[in-house]
Amino acid sequence: MPTLDITRTSIRPAGAAVGVLTKAEVPSPSIAATPDTLRVALIGNPNTGKSTLFNALTGMRQRVGNYSGVTVERVEGRYSDGPGQTVTVIDLPGTYSLSASSPDEEIALSVLLGLAEGVPVPDVVVVVVDAQNLERNLFLASQVLELGLPTVVALNQVDAAEAAGMRIDAVELTLQLGAPVVPTVATRGQGLDVLRHAVRKAPGLPVPGRQFELPAGAAAALAPVEACLVEAGFSPSAAGMEALRLMAVPRAEGHLAGVPGLEAEVARAVAALEADDVYPPALEAEARYGWIAGVVDAAVHRVAEPGTTVTDRIDAVALHRVWGPLIFLVLMALVFQSIFTWAAPLMDTIEAGFGMLGSAVGALLPPGDLRSLLVDGVIAGVGSVLVFLPQIAILFLFLGFLEDSGYMARAAFIMDRFMRGVGLHGRSFIPLLSGYACAVPGVLSTRTIESRKDRMATIMVLPLMSCSARIPIYTLLIGTFIPSVAVAGIFNLQGLTLLGMYLLGTLTALGMAAVFKTTLLRGQVRPMIMELPPYRLPKPRVLLLHVWQRSKVFLRRAGTVILAISIVLWGLATYPKTHAAPGMSEEAAQELQLENSVLGTLGHGVEPLVRPLGYDWKIGVSIISSFAAREVFVSTMGTIYGVGSADETSGALRDRLLHERNPATGKLAYTPLIALGLLVFYVYALMCASTVAVVHRETGGGREGLQWATFQFLYMLALAYGAAFLVYRVGLALGFGA
Amino acid sequence: MLRQLLRRRTETKAAAAPRCGACPLAACATGCRAAVLQMECAGDEANRLRNMGLFEGACVTVVDSRNGMLLDVKGARLALGAALASAIRVLPLGS
């Protein structure tokens, strides 16, 4: 069993608590090397405010990576606890129990058991418990207590519990659990000092363990299983937890696979329990919840009886069979509308700022290639993408608000009915919805889907959800070519077109999911189980932090990938130089230069491919250059029209597009129909290197992942080309070509 | 008492004639309290539900039965799909 042969980092005094894995309890060389580092793991149910507590503890000093071998996000942070004392905190995925039924939950257990590669056993475990929902939350806490690690219980959201008429006696709870309980309000930073203090002290306290006794018959039946686990290196306390858990799980998880004779012992124990008239699968729940009922009786004083809560009253409408989906749809329409209306002034400011910057740089430098590189290449290219930052920030603000307010879980529940219609689980809905922001976190969040086939189908269709990188393209084209007229009094045609693009992507994603689930990935859908957290008013600070973190990713991309591509494209559009014939207008000379440049030659090469869609070579080049990232389409157009513009400041791209004429025919080069076709093309095309990379990894990596990722890229490209062709040709036939 | 009674239900007993008054959870009306008797869903789901507080012998309250099932389980709101709610047999205890 090589997996159990791990090295532990521990600062526990010699002779203190025996950890989970006694075999590895040899003095580790790292004890002396890092006496001032304490490793803390944060675990808790979903919706307990665990991540907020993590943020409050560690501030901005955090790092997001992956566990080796699996793609579960690994979030680590640190804080300083007095001079020379560093505490590293690892935020484990939210889980209801230590019985793993998804990759997320399996990670939580293996970190606590010290089986996760590269992650030493934590010195202290902090169990985050939602005070409002104490009874259910204590189930996981009682399992963790039995692991035999120093444990601190953070009783979070005590303010909300008190508001609901619950007074929780933390001292009594400490006595009942055998581990320090610290009341906290993570959103307001309350109780953090006490929590840090308790974490510092925890390694010196007696280790917690099981606080209840099983009925004698059950204890006797489980004893051989425990012995078997102890033999394999588990501490007696952890072996007890595992043995009890194994009575309920249909099969032992990966970390128990190597324990010799375990399966036979479990089968014998199950038979012994049944002979004793005990129903084995319910034994653990019954034992733990039975004990918890007593703990809650002793430690919780109800000042007011729970009546109908605000949450129930909202849910009566929000989960209504008819009103629920309608409310959801109206909410989405408002989101997309505000992306346009709220962002407009900010976008104008940024656009004007880049215009001024371009003029300023243009005035400082002498005419020549350097000035052209900075003004037409860098400023026009990067500026044309950065303009969309306000819209992306607003989208993330809304998604963050829906998530933090608790509405997202309702949306998943409401959508379950519809998702089932296409063979997906309601749980697939949240990854699909995060796909509106970015496909990469969306694909990562499919980890919560237990069935592999459902998960694969969700990943395959997820990039069809319009992500924030499409916003620059959508808004450039819609803002330029779709008239801003009112529809039905309150809506705007531009907003509705944007909503239409999102709907088109969403409906296609659902349709394709149905196709996949009936062909390649045929299989049963798992039933819906979803906790609906109470509604909360999200904290502005938390929301803004979220928006900032996401915007940073966008800014970093603009500063690296898009900057680099802009410079390369500028070079391709500038060289080789063509000298204008005498008497030629400046405009025509610029046009000629562009036509004869490397970019122009390339563009004319791909023109036959895009001509059937109604595009000219400039769009062709922009599409080619956007294979790495969609928003590059806009920066390429920015660079092309920057280089091709007669005036030095390269006026706003929108005006240029609107008035661009085909030099041969003199007609407008871009019509609303062409714009619509292009919009549809970008709804479908998977042009994002990051997504392809993450899909490759998440679908199994290696050869298998490559096959899935290639398949996905090709089917989406075919869809994009076919749909854009159809829009253009049908539009022409109907006479919308002008 | 009820717990004892329920614990003494084994596979063979469950296969016998249905209990008097027992019905699927899906048949319970809004506001109804019910004791869980048996879970006929797949093992993974049953285990997940047990960990969340919905296990044989536990009491749940139906908060909303119009669209799937919204339950009060140990103070938390748990939403179950209609198919799953039909696979859980309960003993209604009145509202």
Side-chain angles (χ1 to χ4, degrees), chain A residues 45 47 95-99 101 130 132-140 143 248-251 274 277-279 281-286 288-290 292-293 296 306 311-312 315-316 319-321 324 409-410 412-414 416-417 420 425-426 450 524-534, chain B residues 2-14 25-26 30-31 36-88:
Chain A
N45 284 187
N47 310 314
T95 177
Y96 290 107
S97 75
L98 291 182
S99 294
S101 49
D130 177 9
Q132 283 179 93
N133 200 346
L134 192 60
E135 210 170 342
R136 217 271 320 285
N137 276 249
L138 282 179
F139 184 87
L140 174 68
Q143 284 184 324
V249 293
R251 63 198 160 271
E274 276 171 352
D277 262 3
V278 174
Y279 185 53
L283 179 64
E284 182 182 23
E286 208 171 304
R288 291 193 193 279
Y289 278 112
I292 290 166
V296 170
T311 294
D312 289 335
D315 275 345
L319 296 180
H320 190 272
R321 216 178 159 73
R410 272 80 184 175
F413 182 55
I414 293 169
D416 188 55
R417 251 197 302 160
R420 234 154 252 282
H425 189 276
E450 298 117 40
Q524 278 244 311
V525 189
R526 306 270 300 256
M528 176 74 182
I529 304 174
M530 191 109 198
E531 189 195 357
L532 304 185
Chain B
L2 183 67
R3 263 192 187 186
Q4 284 293 315
L5 200 74
L6 294 167
R7 191 199 278 186
R8 296 192 177 279
R9 181 192 45 70
T10 59
E11 294 303 320
T12 43
K13 279 186 188 167
L25 178 59
T30 300
V36 179
L37 294 178
Q38 193 185 1
M39 313 226 275
E40 286 157 355
C41 47
D44 277 344
E45 269 74 39
N47 189 30
R48 181 173 277 269
L49 287 171
R50 287 187 192 109
N51 291 337
M52 294 173 97
L54 199 155
F55 55 93
E56 293 85 347
C59 273
V60 298
T61 307
V62 179
V63 178
D64 192 341
S65 60
R66 294 171 301 177
N67 181 12
M69 267 278 158
L70 184 60
L71 303 173
D72 181 310
V73 180
K74 310 270 171 222
R77 292 284 179 275
L78 203 61
L80 302 186
L84 190 57
S86 310
I88 299 173

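Throughout, a chain's letter reflects where its sequence line sits, starting with A, and its residues are numbered from 1.
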Aromatic ring proximity, centroids under 6.0 angstrom, A:F139 and A:Y289: yes

Side-chain donor-acceptor contact under 3.5 Å, A:Q143 with B:N51: no

Residues A:R136, A:E531: salt bridge by 4.0 Å N-O rule: yes

Partner chain B: residue of A:E284, A:R420, A:R417 with the largest heavy-atom pair count (under 4.5 Å): A:R417

Interface residue of largest heavy-atom contact number with chain B, from A:G324, A:P533, A:P534, A:P527, under 4.5 Å: A:P527

Option that, when pairs with chain B are counted at under 4.5 Å, heavy atom only, ranks first among A:R288, A:Q132, A:H320: A:H320

Proximity breakdown for A:A316 and chain B, heavy-atom pairs closer than 4.5 Å: both

Part of B:L70 within contact of chain A (heavy atom distance under 4.5 Å): side chain

Side chain / backbone / both / neither for B:A83 at chain A, heavy atoms under 4.5 Å: neither

Note: B:R77-A:D315 ion pair, threshold 4.0 Å (strictly below): no

Backbone N/O of B:D72 and side chain of B:T61: donor-acceptor pair under 3.5 Å: no

